[in-house]
Amino acid sequence: MARLRFETVRDVFEAFPIAQHELNLEPNDEPSLQFLEALVSRDELDKAVGFCAFLLPRREAVWWGCRSVRALVPELSAEESEAISVTEQWVREPEEHRRSAAFELGTRGNSKLPTTYLALAAGWSGHSISIGGGETVPVPPHQTARVVRAAVLIAACRVQMAEKPDLLRRCLEDGIRMASDETQEA
């Protein structure tokens, strides 16, 4: 897996200007992991979910999204199980045919299910997608993080309100660990 890409909050927002707007956060020179930890400690959990999705490399963000959705929604429907399984197969073996299969499943999936967005995240993790007839279109670089964020927040809506903060904190701690592990491997 890849290394942490962004040293500071500013680095994240320079790479993904849309993130600053969507998360309603200001760029600064604070170390990115420290900033993410501060968001969690201030209970700005929705913003922290989004920042974590943008902070992690695409494949790791998708993997974190899968782990988070499983933690938030332990009882998945058959449709959700299929989507997350195809997505996790791509995470383990990021081959083009697996990415295409995830994208296809995501485009057909129920837009109310978090796992549909995870499948789309895997599908949009490349530089382009095939739209048929041999034609491809570029994928905006922010698209994977956006749909990982959506998946985690949609899954969080299925949790009892009293349990939601603690479960989201655990998911975010997992994301921070993933990002921290990446920096320690360097």
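Along the sequence shown, the residues carry numbers beginning at 1. Predicted, not measured: the structure shown is a model, and the values here were computed from it.
- Here the closest non-hydrogen pair linking A122 and V62 is N-CG2, 4.0 Å.
- Side-chain N or O atoms of W90 include none that pairs as donor or acceptor with a backbone N or O of G123 at under 3.5 Å.
- Atom CD of E88 and atom OG of S81 lie 9.5 Å apart (nearest 0.5 Å).
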Please list every donor-acceptor pair under 3.5 Å in which a side-chain atom of residues 133-144 meets a protein atom from a residue at least two apart or in another chain.
from, atom 1, to, atom 2, distance (Å)
T144, OG1, A121, O, 3.3
T144, OG1, W124, O, 3.1
T144, OG1, S125, N, 3.4

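- Counting non-hydrogen atoms of other residues, nucleotides and ligands closer than 6.0 Å to CD of E96 gives a total above 12.
- In the hydrophobic clustering of this structure, F35 groups with I176; members are Ile, Leu, Val, Met, Phe, Trp, Tyr whose side-chain heavy atoms approach within less than 4.5 Å, directly or through other members.
- What you find for S32 and F51 is that their closest heavy atoms are O-CE2, 3.5 Å.
- Between V69 and E80, the closest side-chain pair of non-hydrogen atoms is not below 4.5 Å.
- Following chains of ILVMFWY side-chain contacts shorter than 4.5 Å, one cannot reach W63 starting from V86, and the two form parts of different hydrophobic clusters.
- Ion pairing between R108 and E104 holds under the 4.0 Å rule for side-chain N and carboxylate O.
- L113 CG to L118 CG: the interatomic distance, rounded to the nearest 0.5 Å, is 10.5 Å.
- Formation of a donor-acceptor pair under 3.5 Å by the E93 side chain with backbone atoms of R98 is not found in this model.
- In this structure, the side chains of D166 and R169 come closer than 4.5 Å at one or more pairs of heavy atoms.
- Scanning all heavy atoms of the two residues, the minimum distance from G106 to L120 falls at C-CD2, 3.6 Å.
- When every heavy atom of A119 is checked against every heavy atom of A102, the shortest pair comes out as CB-O, 3.3 Å.
- A salt bridge does not link R5 with D11: every distance from a Lys NZ or Arg NE/NH1/NH2 to an Asp or Glu carboxylate oxygen is 4.0 Å or more.
- For R59 (side chain) and V91 (main-chain N/O), a donor-acceptor pair under 3.5 Å exists by modelled atom type.
- A pairwise comparison of heavy atoms in L72 and C171 identifies CG-SG, 4.0 Å as the closest pair.
- Criterion: ILVMFWY side-chain heavy atoms under 4.5 Å apart, direct or through other members. Under it, L153 and L56 are part of a common hydrophobic cluster.
- With a 4.5 Å cut-off on side-chain heavy atoms, V152 and L168 count as touching.
- Residues V9 and L172 share a single hydrophobic cluster, defined by chaining ILVMFWY side chains whose heavy atoms lie under 4.5 Å apart.
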Exercise. Does the pair T115 and N110 meet the rule for a side chain to side chain contact (heavy atoms under 4.5 Å, CB included), with working shown?
Worked result: CA-CA 9 Å; T115 54; N110 182 336; over 6 Å; no
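- The CG atom of N28 sits 6.5 Å away from the CZ atom of R10 when rounded to the nearest 0.5 Å.
- Counting only heavy atoms from C-beta outward, the side chains of I154 and T116 never approach each other to under 4.5 Å.
- Between the side chain of S85 and the backbone N or O of E82, no donor-acceptor pair lies under 3.5 Å.
- F6 and L55 make their closest contact through CD1-O, 3.8 Å (heavy atoms, listed as atom of the first residue, atom of the second, distance).
- Atoms CZ and CG, on R149 and D46 in that order, are 7.5 Å from each other to the nearest 0.5 Å.
- The shortest side-chain heavy-atom distance between R99 and I129 falls under the 4.5 Å cut-off.
- With rounding to the nearest 0.5 angstrom, the CD1 atom of I84 is 11.5 Å from the CZ atom of R67.
- For Y117, the ring-ring contact (aromatic ring centres under 6.0 Å, His included) criterion is met by no residue, not counting sequence neighbours.
- Interatomic distance, CG of L45 versus SG of C52, reported as 12.0 Å (0.5 Å rounding).
- For H97, the NE2 atom sits in a packed shell: over 12 heavy atoms of surrounding residues, nucleotides or ligands are nearer than 6.0 Å.
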